[in-house]
Each structure stands twice: as C-alpha cells, then as structure tokens.
J.: 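Input: one structure, supplied below.
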Amino acid sequence: MSKGLIRHIELYVSNLKTSTKFWGWYLEELGYRSFQKWESGQSWKKGDTYIVFVQAEERCLDVTYHRCRVGLNHLAFYADSRQHVDDMTEKLKNKGIAILYKKQHPFAGGDDHYAVYFEDPDRIKVELVAPE
C-alpha cells in the first residue's frame with residue numbers, strides 16, 4: 001500500500017439497480033472487476049482501490065444531488081489513449097448516455113486536455129481523460 005493513495009470511494013445512489021447497471025459496464029471497460037455485492041450495495045475493484053455504490057435510505061432521497069453544491073463535483077478516470085476516449089465516447093452514445101459540453105468535445109477541459117464528460121443516473125459528472 002502506498003501512503004496517501006485513495007483506498008475506496010463510497011457513493012450513495014437513489015436507485016441501486018439503475019446505478020450498478022450504469023457503472024458496472026463502465027468500470028469493467030476500465031479494468032475494474034466486481035468485488036462485493038450485498039442487498040443494499042455493490043462495489044468494483046482495480047488494484048487496491050475500489051468504488052462502492054450504496055442505496056440511499058428513503059428518508060434521505062428528498063434532496064437530490066447536484067454537483068455544484070458542497071461535496072463531490074465529479075470523478076475523473078484515466079483512459080489508455082485518445083483513441084480509448086473516442087471508443088468510449090461511441091459506446092456512451094450507443095447506450096443513449098448524453099455527452100456533456102458537446103460543442104467543446106473532446107477539448108472541453110482545454111486545448112491540451114482530451115476527454116469525454118457525461119453523467120451517471122444521479123447526475124454525478126464523470127470524466128474519462130487521455131494521458132498527456
């Protein structure tokens with residue numbers, strides 16, 4: 001283990017079935033594998049890091065998530081290459097997942113930042129960025 005690296009990220013979701021369907025294929029495309037599964041959650045792991053999705057309790061669903069409020073803005077993952085970003089962009093489109101910042105795509109993060117941006121079912125922004 002390396003000091004300071006993220007061990008895991010845990011996200012509460014409004015609909016576990018919808019979120020795990022969305023995230024499962026994406027994380028597996030990036031080399032994660034299914035790790036844990038229980039009645040109210042599921043996780044995927046790559047190396048020593050894992051991402052956990054947990055069904056939020058009904059009493060906590062009254063306020064929806066928005067990335068501009070205090071808290072998580074987005075999750076960014078490395079792609080293998082620009083071609084990988086392009087391939088994943090096509091897969092996202094084929095799944096009916098809207099690409100954010102279409103007019104600036106794939107340079108929405110700047111001239112030297114090749115990436116695709118999209119949202120999960122709870123509107124958490126996700127970024128897949130090519131190495132520099």
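All values below come from the heavy atoms of this structure, side chains included, with hydrogens, waters and symmetry mates left out.
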J.: Indicate, with yes or no, if L27 and W25 share a hydrophobic cluster defined by side-chain heavy-atom contacts under 4.5 Å among Ile, Leu, Val, Met, Phe, Trp and Tyr.
T.: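 W25 clusters together with L27.
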
J.: So does K91 pair up with E29, basic N to acidic O under 4.0 Å?
T.: yes

J.: Quick check: is Y101 connected to I99 through a chain of hydrophobic side chains (ILVMFWY, heavy atoms under 4.5 Å apart)?
T.: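 Not linked; separate clusters.
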
J.: Hey, does V54 have a side-chain heavy atom less than 4.5 Å from the side chain of E10?
T.: yes

J.: So, the side chain of T49 versus the backbone of I6: is there a donor-acceptor pair under 3.5 Å, distance only?
T.: yes

J.: Determine yes or no for a side-chain-to-main-chain donor-acceptor pair under 3.5 angstrom, with H113 supplying the side chain and G109 the backbone.
T.: no

J.: Between CD of Q36 and NZ of K45, what distance do you get to the nearest 0.5 Å?
T.: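 Interatomic distance, Q36 CD to K45 NZ, rounded to 0.5 Å: 8.0 Å.
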
J.: Taking atom NZ of K21 and atom CD of Q42, what is their separation to the nearest 0.5 Å?
T.: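 The distance works out to 13.5 Å.
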
J.: Would a single hydrophobic cluster contain both Y50 and W23, if residues Ile, Leu, Val, Met, Phe, Trp and Tyr are joined by side-chain heavy-atom contacts under 4.5 Å?
T.: no

J.: Can you tell me how far the OG atom of S43 sits from the CG atom of L11, to the nearest 0.5 Å?
T.: 11.5 Å

J.: Could you tell me whether the side chain of H84 reaches within less than 4.5 Å of the side chain of L30, counting heavy atoms only?
T.: yes

J.: Under 4.5 Å between any side-chain heavy atoms of H105 and T89, yes or no?
T.: yes

J.: For the residue pair P131 and A79, what are the closest heavy atoms and their distance?
T.: CD-O, 3.2 Å

J.: Is there a side-chain contact between D48 and R7, using heavy atoms and a 4.5 Å cut-off?
T.: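 With C-beta onward as the side chain, the pair stays apart.
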
J.: Quick one: does R33's side chain get under 4.5 Å of E28's, heavy atoms only?
T.: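 In short, these two side chains do not touch, never coming nearer than 4.5 Å.
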
J.: Using 30° and 60° as the class limits, which term best fits the ring planes of F77 and Y32: parallel, tilted or perpendicular?
T.: perpendicular

J.: For I97 versus E119, what's the shortest heavy-atom pair and its separation?
T.: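 The answer is CG2-O, 4.1 Å.
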
J.: So which atom in Y65 and which in R123 form the shortest heavy-atom distance, rounded to 0.1 Å?
T.: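 Heavy atoms only, the tightest pair is CE2-O, 3.5 Å.
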
J.: Quick check: does any side chain N or O of S19 sit under 3.5 Å from a backbone N or O of L16, one acting as donor and the other as acceptor?
T.: no

J.: Near D62 CG, under 6.0 Å, is it more than 12 heavy atoms from other residues, nucleotides or ligands?
T.: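 Counting neighbours around CG of D62, more than 12 heavy atoms of other residues, nucleotides or ligands fall under 6.0 Å, so yes.
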
J.: Looking only at heavy atoms, what is the nearest atom pair of W44 and G24, with distance?
T.: CZ2-CA, 3.4 Å

J.: How are the rings of F118 and F22 set to each other: parallel, tilted or perpendicular (split at 30° and 60°)?
T.: tilted

J.: More than 12 heavy atoms of other residues, nucleotides or ligands under 6.0 Å from OH of Y12: is that the case?
T.: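 Count not over threshold, so no.
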
J.: Measuring from atom CG of L128 to atom CG of L75, what distance do you get when rounded to the nearest 0.5 angstrom?
T.: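 Answer rounded to 0.5 Å: 12.0 Å.
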
J.: Does atom CG of D112 have more than 12 heavy-atom neighbours from other groups under 6.0 Å away?
T.: no

J.: Hey, are the side chains of R67 and L72 touching, using non-hydrogen atoms and a 4.5 Å cut-off?
T.: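 R67 does not reach L72 side chain to side chain.
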
J.: Are F35 and W38 grouped together when hydrophobic residues (ILVMFWY) are joined by side-chain heavy atoms under 4.5 angstrom apart?
T.: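 Yes, F35 and W38 fall within the same hydrophobic cluster.
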
J.: Quick one about D87 and Q83 (side-chain donor to acceptor, distance below 3.5 Å, no hydrogens or angles considered), yes or no?
T.: yes

J.: Ignoring hydrogens and angles, tell me if any N or O in the side chain of Y26 forms a donor-acceptor pair with the backbone of L92 under 3.5 Å.
T.: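 Checking the backbone N and O of L92 against the side chain of Y26, no donor-acceptor pair under 3.5 Å is found.
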
J.: Short question: side chain of D122, backbone of I124 - any donor-acceptor pair under 3.5 Å?
T.: no

J.: I need the minimum non-hydrogen distance between Q55 and S14, along with the two atoms involved.
T.: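 Result for this residue pair: NE2-O, 2.9 Å.
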
J.: Looking at V85 and A115, what are the two nearest heavy atoms and their distance?
T.: CG1-C, 3.9 Å

J.: In terms of side-chain heavy atoms, does Y114 have a donor or acceptor partner in D86 at a distance below 3.5 Å?
T.: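 The criterion, which ignores hydrogens and geometry beyond distance, is satisfied for D86 and Y114.
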
J.: Flag yes if I9 and F53 sit in one hydrophobic cluster, no otherwise; membership is Ile, Leu, Val, Met, Phe, Trp, Tyr, and two members link when side-chain heavy atoms are under 4.5 Å apart.
T.: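 In one cluster: yes.
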
